[in-house]
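Reviewing the structure listed below.
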Amino acid sequence: MTTRLFGEPVQRVEDPRLVSGRGRYLDDVDDTGAVHAAFVRSPHAHARVRGIDVAEAIDVDGVVGIYTYDDLEGAAAEPLPLLIPHPDLAHPRTGYALARDLVHHVGEPVVMVVATDRYVAEDAAERVVVDYEVLPPVVGIEQAARGERLVHADVPGNVAAVSTQSFGDAAAAIAAAPHTLDLHWDIERSASMPMEGKGVLARWDAGERRLTVFSSTQTSTGVRGAIAAKLGLPVTSVDVIAPDVGGGFGVKIMHPWPEEVLVPWVAVRLGRPVKWVEDRREHFISSAHERGQLQTVKVGFDDAGRILGLEVDLLHDNGAYTPYGLIVPIITSTQIMGPYKPGAYRVTFTSLYTNTVIVTPYRGAGRPQAAYAIERTMDRIAQHLGLDRTAVREANFVQVEDFPYDYGLTWQDGRPYEYDSGDFPASMAKLKALVDWDSFEQVRDEARAQGRRVGIGVACYVEGTGIGPYEGGHVTVETSGKVKVAIGLSTQGQGHQTICAQIVADELGVPLADIEVTTGDTRRMGYAVGTFASRAAVMSGNAVGLAARTVREKALRIAGNALECDPGDLELVNGVVRVKGDPSVSMALGTVAVLANPLRYAFDEASKAATQFTGGHVDDLPIAAGDEPGLEASEFFAVSRSTFANGMHAVVVETDPETAEVKILRYCVVHDCGRLVNPMIVEGQIHGGVAQGVGGALYEIMAYDENGQLLNASFMDFLMPYVTEVPDTIEIDHLETPSTRNPLGIKGAGEAGTIPGSALLASAIEDAEGFAITRMPISPSELFHLRQRHAAGEIPAVANQAPAAKPMRKRTTRKGPTS
Amino acid sequence: MTAEELHDVSLVVNGVLRTAQVPARRLLSDVLRHDLGLTGTHVGCEHGVCGACTVLLDGRPVRSCLMLGVSADGHEVTTVEGLTRPDGSLGPVQQAFVECHGLQCGFCTPGFVTTATAFLRENAQPTRDEAVQAISGNLCRCTGYQNIVRSVLRAAEIVRDQGVQP
Amino acid sequence: MKPPRFTYHRPESVDDALAVLAEAGHDGKVLAGGQSLIPILNMRLAAPGHLVDINRLTELAGVRTEADGVRVGALARHAEVEADDAAAGRVPLLRQGLRLVAHPTIRNRGTTVGSLVHADPSGEMTAVLALLGGSVELARLGGTRTVAAADFFVGPLESCLEPGELAVSAWFPALPGHTGTAFLELARRRGDYAMCGVAAVVTLDADGAVAEARAAYLSVSPVPLVLDLTEAVSGQAAATADWAAAADLARARVEPEADIHATAEYRRHLAGVLTARALAEAAGRAA
């Protein structure tokens, strides 16, 4: 086998098992002897718990235990951790694993019921009577910002944090600019909504004093650390395994969920395995949401649309607690830069509490909001100047010769926000060619002649990926010749096992079928961070590459010794080490593995066969100083900077003049994530991301009423797209500007497809309708009403700003369309 | 509180007669997964919308989360496990999904595979539109559906080219 | 989301079913397709003490096409009725409506009669029955009664079924010659409950002029609303009829409510748009 697998659309090694129903998700893991948990959750958005009566519940046949806050002890009774503190997070708040005296959102867990099965547990949970004193809830950013009602009595104005970043003097630049605009943007909540909810299974071995926990998580090491801390156990006594995970999209990077603490806690207490599998309603009301922001933009620009000064003020809804710190609004703050280099910039965000589900990253993690703010602003600049929307963007691009480009801002990892590579002009050129941007007016004219209404939109983004601190890879060659690889972060469908196997196969010359990759198991790789921020391929991919490289070098050294030749004369092909140009002189890689572990005893044929290769001098040490037995290596890859991928999307929409339905006619993507390990997997990530972007732009909201009740807490009313709601085709073109920040030259691809969705669809619908769209997502009903308001003169017109650049007009400074 | 009455259920699952004793309210999805140990069928919502729990009842796709186990007594059920060939190799629909990268996390996949299989048994030469309609009731959050549609059409090709039954 | 406890009955004959239902009274619920009932149980929005599974009552199966209409047995699945060519020929509106009910997989199990009893004002079959002036046959211990559509739907999710009664069949009458039908709806996603739906009937006279134009509406009233819109288009040639006038009439008469998916005003607007489109389509089939 001499073909390099890196860059090939290799079929996934995970798939045969998964398509034949042999996946092993949390609820499939052997739960023999387990008891099952259900929770009593707050039906109120804000309330004081005055009393809990479990008398009726205890009587239910099959109940094993019922627990409230009063049963918790030690660290488990303390608030859940603040995972990522920040100096600007002046008023952080986290919840308790079970409500202590106050509940702050519908769905917060109050009582834990454990029974012989889930049906019985739910029966008992229904019979628990909780006495609540209902308190006035805070719902929505505007109500939170007014501060007349408080979510937390000791957090003035509901303000968790105010944070500013800047470079240059934006206010002065705007004041001096030939043109300025004041704009407002509004983007609504959505959520990750993986098809598999959360789940935890815990087993306590009292004799061994070992806790084994399975959790449907994006970070087994994170969960392990949290459980150990909360239960007062040494980390080395806790194993956490992420089995097959049915999707994460960010919601499963948040940890520890209350249940991730409580299920192990009860397992230790009862001495029996305990399992909890979240149902869909629970997921809606007790997981996490994301995306809601109100954005105010003040921009000053010149006649070409170059941004001289940009001021952005964000109001960010962080929900009832801040366990994940300020990551999402920090990401928004920085990624607003997109592919552009404004002359001066100031961004301030205010993170506000509301009595709703917490806000933690959902695919994009603040970037969609960033793209929304800047891309809509770019459209407005173009409209104001009568320029082509792509021309205005091009005038603002960071140029190839500018890289690496340091903005003077601080990224979510606390490091400088510095782009490594990209070619934005080339990406834009490709996009315009792909979507036939320059001939769109003709398309529009033809449609108009048929009484149809079409529009075209464009949106760009830059995505910080491959964030540190590190990931590790462990590669072992077994005596059978099979290779076992372990990476610490877990996988939720991104094909990590396949891409790692591809990388290792190339390095070790071993067939893909002989490589098995384990993910997310602390027993196999105890040092890891987690799967988020489009980092797995970059971090774990490079780590296994390094580990495989080390194993390769060791294999060649040992084989060279045994074959009595220079390692430089050897190659690894098809699982065999052999002399270049003389394949008859060779040994199986498995045999090298045997030699790597000089034992006194020969257990099997492989080790007996190795005895023919006992080269070396009689005074040699069997294991050289500083070396280790075995043909294996662990290597860790750390970065001091993220690597920045980018993309540009264009969409052509048609809006129905009568019903206001929006139909996507064409969806085009130009994507640059550096070198591709597996193009098929990357395209799959783009498809999935685009579907979530379209979903977030046209269908998905979290409909809270004024009492903080989530009105659409089911799949019937939370409208995730079916196949009939996504574009028929997604046309994709690639650019590869290799990363300068890792040996493989790769960048992350996991979140990209989602990022520009709302900005893009708003741009296109605005173009089709000819009036301003500022709030997304948008439904036909909402578009219908906007049309009426526009007809009544309440909403300003917006000229079609497509292709065919019109001559620039000199303007004096004035306010542009607002709201 | 009295103990729950148990009912005898006997059904043919993937060609094998299986029996269980279950309370009447136990959903078919739970009977298949926990009483019969066939965990290939997944549960995503328990209100009939996502389709991850889809199995074939007497050959027709149904939501197993919307059926009581006792209602399946006397019927034939096919789950995703039953679509693998007796020698362990993948059936044509499963094969097509692998070839076309029609799955990512795999959680919704059994529902698509059973649905597509039943569809191809009825309509061996579907148009793209027909294939889309056939899977229009199953949710996937990972793939964006592009490759799932390709997988259904590819499965039809495999059925035709290899002369096999879906 | 698991159902609460109930006592499960699976009678082998209609008489046995009626006996159990009589005894259970208000605490009894019939389980046919389960596509509406089981989600309700899973979400614990209802807790009937007795569930009467009628899926063994084979005498209630079947779709029978007769000279003047189609009789649908209580156990006939939506998919069966949809696939029945004879039924589609006699009453085209059946297939036109059924195609829009949820998704194919739901239709494999859900029953048409069951959906009538469920009486959802967003249900397609309720509109079809109302528009055609059909009826439902109800049995109880000691007799049966036939209830016309106009009397059958009492309120949102409420039919006139009394405790102890079992719906055994529904009757969808055929329409006279020179009549065309159509069914259009707009939902947020394909297969969702419609924001507005219109089932339309247009009958032409011997000269091809509109003799009658009627429509039934989904999701814009508490029970299926049937409107006679003939006055707007009576006597006009089908090809040039003023469907917009009919749409205006419809808009004035529907009583929509708002929810998170659509405002009342938008639904009212849709009622107009879809009325015009559906009547035109129905007229096109009337020849």
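Everything numeric here is computed off the predicted structure, so don't read it as measured data. Within every chain, numbering begins at 1; the chains are lettered A, B, ... in the order of the sequence lines, protein sequences first and strands thereafter.
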What part of [X] lies closer than 4.5 angstrom to a heavy atom of chain B: side chain, backbone, both or neither?
X: A/Thr491; answer: neither
X: A/Tyr25; answer: side chain
X: A/Ile686; answer: neither
X: A/Val690; answer: neither
X: A/Pro721; answer: both
X: A/Gln492; answer: backbone
X: A/Asp279; answer: side chain

_Below 4.5 Å, heavy-atom pairs only: which of A/Phe715, A/Tyr119, A/Phe249 has the largest tally toward chain B?_
A/Tyr119

*Quick one: of A/Gly688, A/Gly247, A/Ala691, A/Pro194, who has the most non-hydrogen atom pairs under 4.5 Å with chain B?*
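Looking at each of A/Gly688, A/Gly247, A/Ala691, A/Pro194 in turn, A/Gly688 comes out on top.
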
Does this structure show an ion pair linking [X] with [Y], if we count only N-O contacts that are shorter than 4.0 Å?
X: B/Glu99; Y: B/Arg150; answer: no
X: A/Lys198; Y: A/Glu278; answer: yes
X: B/Arg18; Y: B/Glu76; answer: no

Quick one: which of [options] has the most heavy-atom pairs under 4.5 Å with chain A, could you say?
options: B/Thr109, B/Leu139, B/Asn147, B/Thr143; result: B/Leu139
options: B/His101, B/Arg26, B/Glu81; result: B/His101
options: B/Gln94, B/His42, B/Arg141, B/Gln146; result: B/Arg141
options: B/His34, B/Arg33, B/Gln133, B/Gln95; result: B/Arg33
options: B/Thr41, B/Ile148, B/Leu90; result: B/Leu90
options: B/Gly44, B/Gly106, B/Ala52; result: B/Gly44

Heavy-atom proximity to chain A below 4.5 Å, by part of [X]:
X: B/Ser136; answer: both
X: B/Asp30; answer: side chain
X: B/Leu83; answer: neither
X: B/His47; answer: both
X: B/Arg128; answer: side chain

*A/Asp244 side, atom CG; A/Asp28 side, atom CG - distance, nearest 0.5 Å*: 8.0 Å

*Are A/Arg280 and B/Glu46 close enough, and set up right, to give a side chain to side chain contact (heavy atoms under 4.5 Å, CB included), and what steps lead you there?*
CA-CA 7 Å; A/Arg280 188 50 56 181; B/Glu46 285 177 327; over 6 Å; no

*Ring centres under 6.0 angstrom apart (A/Phe284, A/Phe718)*: yes

*Ring-ring centroid check A/His687 B/Tyr145, cutoff 6.0 Å*: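 No, too far apart.
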
_Passing candidate, side chain to side chain contact (heavy atoms under 4.5 Å, CB included) with A/His649, options A/Ile755, A/Leu761, A/Val669_ =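 Checked A/Ile755, A/Leu761, A/Val669 against A/His649; only one passes side chain to side chain contact (heavy atoms under 4.5 Å, CB included): A/Val669.
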
_Test item: A/Leu719 and A/Glu725 side chains (from C-beta on) under 4.5 Å apart, heavy atoms_ =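 With C-beta onward as the side chain, the pair stays apart.
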
*Quick one: does A/Val723's side chain get under 4.5 Å of B/Val149's, heavy atoms only?*
yes

*Go through B/Gln104 and A/Gln685 one step at a time and tell me if the side chain to side chain donor-acceptor pair (under 3.5 Å) criterion holds.*
CA-CA 9 Å; B/Gln104 291 182 23; A/Gln685 290 299 306; 3.2 Å; yes

*asked:* Between A/Ser534 and A/Glu751, do the side chains contain a donor N or O and an acceptor N or O under 3.5 Å apart?
replied: yes

